[in-house]
Amino acid sequence: MNMNISSLRNNKLFSALSCCPQYFFSTTNCNRLFFEKDPKGGYNKSESKYPQWKHLRDGWKQLGKEVDLFKKELKESLVNDPITVLTPGVVKKEWELRNGEHLENWMTTSDSDHGEGHSSCSLILNNNGFGHFSGILDTTVPQDGKTKRAGYCSIRSKRARKSFQRESFYNWCTYTHLVLRVRGDGRSYLLSIATSGYFDQLWNDVYQYVLYTRGGPYWQTTKIPFSKFFFSNKGRIQDIQSPIELDRVTHFGITAGDKINGPFSLEIDYIGVIYDPSHKEEFAYEMYQLPQNIAAS
């Protein structure tokens, strides 16, 4: 059946495609390109004052590392057989803290970094050869008329990336538990798992659970089911709960903020994931079903 030009222009699908020609002509999956658009693009329009030749020099230094990482990705894609990877009881170590290169994958922050308190912290390699997260918590609230609470220090892993600085995710869908080998001081710490949201309102969404340390000279291996992590946003536990999107994990963090003034100390050997076939729980908390046309606050 023939269709004239006027009737074609009145077609809603043709109008939508003409407004967005990239969807009509593009046949390339952007996720497979080495260059990927920054999802936060447009928030910072300031011009960089970094000289162009320094970009080239630093990029050339980084090229060898990126090529090696790309070779590693190709190798993993060939050898990652679920039969061997998902062996029950075998820990997959996502992060080890055994040398300076491992520590480069982490960032530290505290309330004093943002002018909201007086706490301080650091992450170093101690004399025992392990990562040492330590500092001083101070719950004194600054007299600025705005800050209401103070006293936190945290470490956070850098964004998961593939070769050539492409953003990636940790895919833990086939695992059931988070595993940590640590040596603490008897204080409690907050574990945080962040996932990537599609909108900027979701960038502060995290799933959290408490790590209890027993102190003393002995190491402890803690295994926490992913089903126990609860949903929160900016430190507030949300009424509407949901399981973690384990295929879109971007960051992992540990926070010291138990409202006790004084020094804290946490040695970290590794952080990993494990598969336990006996664990059947999907989610530990009640999920509310809201009536139709009722908005959540």
Side-chain angles (χ1 to χ4, degrees), residues 58-59 61-73 76 91-114 117 119-138 151-172 178-196 206 208-211 213 215 217-224 249-258 262-274:
D58 294 344
K61 290 181 179 179
Q62 188 70 19
L63 181 61
K65 296 180 180 180
E66 300 299 333
V67 172
D68 292 340
L69 185 57
F70 183 61
K71 292 179 181 178
K72 183 179 178 181
E73 291 174 14
E76 289 179 349
V91 177
K92 179 187 177 184
K93 298 179 181 179
E94 291 288 6
W95 297 278
E96 288 186 280
L97 286 82
R98 293 293 190 88
N99 55 49
E101 185 177 352
H102 292 163
L103 298 186
E104 292 178 359
N105 297 323
W106 295 83
M107 302 177 293
T108 62
T109 184
S110 63
D111 52 18
S112 61
D113 295 333
H114 308 286
S119 304
S120 61
C121 64
S122 64
L123 178 64
I124 62 173
L125 201 67
N126 63 12
N127 296 332
N128 298 324
F130 299 103
H132 187 202
F133 174 42
S134 62
I136 298 177
L137 278 184
D138 189 343
Y152 77 88
C153 296
S154 66
I155 57 173
R156 192 189 196 199
S157 65
K158 293 183 179 179
R159 172 65 195 260
R161 292 187 182 274
K162 297 180 287 188
S163 58
F164 300 98
Q165 298 299 309
R166 293 173 295 163
E167 292 187 346
S168 181
F169 306 97
Y170 297 103
N171 190 343
W172 296 342
L178 181 76
V179 181
L180 305 92
R181 185 172 185 266
V182 298
R183 180 160 60 179
D185 52 2
R187 302 178 70 154
S188 58
Y189 298 83
L190 193 63
L191 307 178
S192 301
I193 297 176
T195 58
S196 176
V206 294
Q208 298 179 316
Y209 197 74
V210 180
L211 169 66
T213 63
Y218 301 107
W219 288 85
Q220 67 181 80
T221 300
T222 302
K223 188 171 74 170
I224 305 172
V249 176
T250 56
H251 303 87
F252 174 80
I254 303 176
T255 301
D258 55 3
F264 65 89
S265 175
L266 181 68
E267 286 184 82
I268 307 170
D269 183 2
Y270 65 79
I271 301 163
V273 291
I274 193 172

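Residues: numbered from 1 along the sequence shown. If you're wondering where the values come from, they're calculated on a predicted model, not measured in any experiment.
Each of Leu190, Leu178, Leu191 was evaluated against Leu211; a single residue qualifies, Leu191, per the side-chain contact (heavy atoms from CB on, under 4.5 Å) test. The side-chain contact (heavy atoms from CB on, under 4.5 Å) test with Thr108 singles out one residue from Ser120, Cys153, Ser122, Cys121, and that residue is Cys121.
Between Ser110 and Ser154, the closest side-chain pair of non-hydrogen atoms is not below 4.5 Å.
Rounding to the nearest 0.5 angstrom, the gap separating the CD1 atom in Ile254 from the OG atom in Ser157 is 9.5 Å. Ile268 contributes atom CD1, which lies 6.5 Å from atom CG of Leu123 (distance to the nearest 0.5 angstrom). Here the CG-CZ distance, from Leu103 to Phe133, works out to 13.0 Å after rounding to the nearest 0.5 Å. Considering CG of Leu125 and CG of Leu97, their distance stands at 8.5 Å, rounded to 0.5 Å. The distance from atom CD of Glu96 to atom CZ of Phe130, rounded to the nearest 0.5 Å, is 10.0 Å. A distance of 13.0 Å separates NE2 in His251 from CD1 in Ile193, rounded to the nearest 0.5 Å.
Taking the ring axis of Phe169 as reference, the NZ or CZ atom of Arg159 stays within 45° of it and closer than 6.0 Å to the ring centre.
Arg181 contributes no side-chain N or O that, together with a main-chain N or O of Gly272, makes up a donor-acceptor pair within less than 3.5 Å.
Of all heavy-atom pairs spanning Phe264 and Leu137, the tightest one is CD2-CG, 4.0 Å.
Side-chain contact annotation: Glu267 with Trp219, donor-acceptor N/O pair under 3.5 Å absent. Between Thr109 and His114, the side chains place a donor N or O and an acceptor N or O closer than 3.5 Å (distance only, hydrogens not considered). Defined by atom type and a distance below 3.5 Å, a donor-acceptor pair is present between the side-chain atoms of Ser119 and Asp111.
Between Trp95 and Phe252, the angle of the ring planes stays under 30°, which puts this pair in the parallel group of the 30/60° scheme.
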Legend entry - Step-by-step salt bridge (charged side-chain N to carboxylate O under 4.0 Å, His left out) determination, Arg183 to Asp269: CA-CA 8 Å; Arg183 180 160 60 179; Asp269 183 2; over 6 Å; no

